[in-house]
Amino acid sequence: MLPPLRTELAVRLRHRVGALDIDVDFKLRERWTVLFGPSGSGKTTILKAIAGLLRPDEAHIACTVLTGSDLERTLVFVDTETGCFLPAHKRVVRLAPQQAALFPHFSVLENVMYGFQEMVRDEQEEKARDNKIEKLLSDFQITHLVDKYPAALSGGEGQRVNLARAVAATGCRLLMLDEPFSGLDVKLRDELIMNLRERQERRRMPVLSVTHDVAEAFQLGAEVIKIAEGKVVEQGPVEVVLAEERMLLLQQLGNPTSQIRDMGHPI
Amino acid sequence: MDTQALWLTLRLALSTTALLLVIALPMAWWIASGTGAARVLIQAIVALPLVLPPTVLGFYLLVALGPLTAPGRMIIRLLGHPLAFSFSGLVLGSVLYSLPFAVQPLVAGFRAVDTALLEVAATLGAWPLRTFRTITLPLAKPSLVTAAVLTFTHTVGEFGVVLMLGGNIPGATRTLSIALYDQVQDFNYAAANRTAGALLGFSLVTLMVVYWRGAERRPLVG
């Protein structure tokens with residue numbers, strides 16, 4: 001049995017962006033939860049509301065931190081009824097945005113270290129810290145890039161630095177990844193998922209990621225919250241929630257000519 | 001060339017630039033960091049010296065700092081002399097007069113910084129002041145230089161406020177532009193020519209430096 005999570009998050013959110021009405025109510029119950037839905041269904045807005053990057057029309061978002069066996073502390077991120085709004089920098093929620101948004105005037109190493117703050121008192125601790133940083137850089141396969149500047153990186157490299165930067169930040173309660181593996185090839189994606197999993201087990205923090213890729217959701221074996229047009233359609237294990245999408249995908253894979261025939265090019 | 005006036009002008013421009021950057025930085029940051037009626041009002045007030053005749057500003061300052069108003073009387077009691085017709089008074093007038101030349105480039109520079117970067121910094125736990133110091137300010141550095149150079153140049157070239165507020169006291173309030181005015185009044189066209197030429201050359205060279213930097217600037221976001 002794995003040790004329980006350190007953090008639980010409860011989200012109740014109503015917010016209007018453009019023509020989209022977001023109205024969701026969910027709890028993070030598992031270690032890895034995936035927000036699944038088509039583009040424009042409000043996934044990124046939900047992440048932003050949790051991170052504190054927007055002021056929602058109506059919301060109650062609270063995070064319960066389990067500090068000991070029966071000790072717990074609830075931290076209200078936002079409650080529009082009482083007018084409570086905790087600014088983003090105090091929430092200790094890490095968000096790797098979809099667009100890498102690397103600091104252009106910092107090197108890759110400086111970018112990754114931006115949120116990393118660890119005091120060292122002696123040589124031994126300094127060595128432990130250096131090892132930690134080295135492990136992080138090699139996990140995300142960016143060790144060879146540390147001295148480069150963002151302008152010199154490819155899209156995939158930038159995305160890895162973006163993820164490493166969010167993961168490296170000290171004192172994370174909840175890690176949120178917005179389409180984290182877009183632009184990365186499958187092999188790299190597999191390795192990154194493995195590394196992220198391992199870290200997560202060690203730090204016992206929940207991860208909330210966004211995707212519209214069925215294969216990725218299955219690979220993560222995560223709890224899935226299916227979103228459509230700003231509403232939660234279903235929440236549950238991936239095999240249940242995405243069964244239909246899986247069938248569709250398998251059909252397409254199992255019958256490679258079907259698509260071509262559909263397009264009106266008979267072979 | 002009136003070297004006393006030259007040194008006074010440079011001293012005035014330097015003091016004004018230093019003081020104005022200290023005032024303009026937080027002001028521009030505040031204006032750039034949101035919207036609303038309060039910000040619009042402050043921006044309009046900051047821009048006033050661009051459209052008002054300098055003599056209007058000079059007149060109000062002259063009255064406000066003199067014995068006719070309560071703050072003016074207080075200053076006189078504190079300093080032992082009125083601020084008007086002194087170097088410090090001149091600095092105050094120049095700061096107000098050059099305010100838009102410092103604030104406006106800074107506001108534009110701060111607004112041009114990608115908000116996604118500021119958001120990322122916040123989600124990484126950086127307090128607003130750290131975000132400003134490590135992200136906003138370095139990325140807006142070119143506009144900081146522009147603001148400093150424009151303030152300096154504008155102060156060197158100011159005339160109306162100085163004349164109204166400072167009078168024409170050699171060594172205290174007689175700047176190059178006032179000296180030039182005097183030389184013309186005295187029909188000393190040879191001296192006036194030298195003074196005017198120096199001011200023209202200086203302004204042209206500084207503006208060339210500003211545009212040179214602008215042309216060299218590479219896009220930062222990759």
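Only a predicted model underlies this, so the values are computations on that prediction, with no experimental measurement involved. Convention: sequence-line order gives letters A, B, ...; per-chain numbering from 1.
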Visitor: Near B:Arg39 CZ, under 6.0 Å, is it more than 12 heavy atoms from other residues, nucleotides or ligands?
Guide: yes
Visitor: Side chains of residues 16-30 of chain B: which donor-acceptor partners sit under 3.5 Å, not counting sequence neighbours?
Guide:
{"from": "B:Thr16", "atom 1": "OG1", "to": "B:Leu12", "atom 2": "O", "distance (Å)": "2.7"}
{"from": "B:Thr17", "atom 1": "OG1", "to": "B:Ala13", "atom 2": "O", "distance (Å)": "2.6"}

Visitor: Could you report the tightest heavy-atom contact between B:Leu139 and A:Pro104, atom names first, then the distance?
Guide: CD2-CG, 3.8 Å
Visitor: Just how far is it from atom CD1 of A:Ile50 to atom OG1 of B:Thr123, taken to the nearest 0.5 Å?
Guide: 13.0 Å
Visitor: How about residues 94-101 of chain A versus chain B: which residues have heavy atoms under 4.5 Å apart?
Guide: A:Arg94, A:Leu95, A:Pro97, A:Ala101
Visitor: Taking atom CZ as the centre, does A:Arg55 end up with more than 12 heavy-atom neighbours from other residues, nucleotides or ligands that are less than 6.0 angstrom away?
Guide: no
Visitor: To the nearest 0.5 angstrom, please state how far the CG atom of A:Leu53 sits from the OG1 atom of B:Thr115.
Guide: 9.5 Å
Visitor: Are A:Phe106 and B:Ile135 packed together at the side-chain level, in the sense that at least one heavy-atom pair is separated by less than 4.5 angstrom?
Guide: yes
Visitor: I need the full list of salt bridge (charged side-chain N to carboxylate O under 4.0 Å, His left out) pairs touching residues 46-55 of chain B, with sequence neighbours left out, sorted by first then second residue.
Guide: none
Visitor: Please classify the contact of A:Leu102 with chain B as side chain, backbone, both or neither, using a heavy-atom distance under 4.5 Å.
Guide: backbone
Visitor: Would you say NE2 of A:His212 has more than 12 non-hydrogen atoms from neighbouring residues, nucleotides or ligands within 6.0 angstrom?
Guide: no
Visitor: At their closest point, which heavy atom of A:Ala166 faces which heavy atom of B:Leu124, and how far apart are they?
Guide: CA-CD2, 4.1 Å
Visitor: Taking A:His105 for its side chain and B:Thr134 for its backbone only, find out whether a donor-acceptor pair lies under 3.5 Å.
Guide: yes
Visitor: Taking side chain as C-beta onward, heavy atoms only, is B:Val120 less than 4.5 Å from A:Phe103?
Guide: yes
Visitor: Does a sphere of radius 6.0 Å around CZ in B:Phe159 hold more than 12 heavy atoms from other residues, nucleotides or ligands, not counting ones at 6.0 Å or beyond?
Guide: yes
Visitor: Is the CZ atom of B:Phe87 crowded by more than 12 outside heavy atoms at less than 6.0 Å?
Guide: yes
Visitor: Sequence neighbours left out, what pairs pass salt bridge (charged side-chain N to carboxylate O under 4.0 Å, His left out) with at least one residue falling in residues 128-143 of chain B?
Guide: none
